[in-house]
Structure formats: C-alpha cells, structure tokens
Amino acid sequence: NSSKTGFDVTYYTYDGWSSGTVEGKATVTSDTKARMNKTVDGERCVIEFEKVGTSSIKTTEFYCEAGRERGTNFNGTVTVE
C-alpha cells in the first residue's frame with residue numbers, strides 16, 4: 001500500500017546463513033528519500049530508502065539488530081523491475 005506521503009514495507013534479508021525480517025511504514029522525507037522508524041522487540045529500527053537513478057533503491061539500516069540474526073543486515077541496493 002502506498003501514497004504520496006508513504007508506503008508499506010516488508011523487508012527480508014538473507015546472506016546464506018543468517019536472516020531477518022522487518023515490517024512497517026516508510027514516510028517520504030524528500031523527492032528521493034523515505035525513512036521507516038519501527039520498534040522491534042523493544043528495540044528501535046530505522047531504515048532509510050534512497051532512490052538511485054530510475055530503477056534502484058539504496059537501503060541503509062540504523063539500529064535494527066533485534067529484527068535480524070547477527071551476520072546479516074538490511075543495507076544494500078534493490079533493483080526495481
């Protein structure tokens with residue numbers, strides 16, 4: 001579900017060993033950025049989304065250890081097809 005001010009997020013991460021999932025609502029903060037703030041198991045989780053070019057989104061994780069296993073994270077670039 002999305003609007004001009006935000007969108008729903010379900011983010012899975014897996015690196016071959018470790019995995020994690022976080023769900024929430026991201027709020028659009030500028031023409032190219034959005035930020036999701038969520039509390040997971042009493043711990044704060046922030047993921048920033050930044051549009052890169054026309055078909056990629058860069059994600060940067062801050063403080064999301066409770067939503068995933070050690071060894072993986074929610075940092076990376078997602079290509080939209």
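Residues Thr59 and Ile47 have side chains in contact (heavy-atom distance under 4.5 Å, counting atoms from C-beta outward). At least one side-chain heavy atom of Arg44 sits under 4.5 Å from a side-chain heavy atom of Asn37.
None of Thr27, Val22, Val46 except one satisfies the side chain to side chain contact (heavy atoms under 4.5 Å, CB included) rule with Met36; the exception is Val22.
Counting heavy-atom neighbours within 6.0 Å of Lys25 NZ, excluding the residue itself, gives a total above 12.
For the atom pair NZ (Lys33) and CD1 (Ile57), the distance works out to 14.0 Å, reported to the nearest 0.5 Å. Separation of atoms CD (Glu23) and CG (Asp8) is listed at 9.0 Å; rounding is to 0.5 Å.
No continuous path of hydrophobic side-chain contacts links Val28 to Phe49 [ILVMFWY only; heavy atoms under 4.5 Å].
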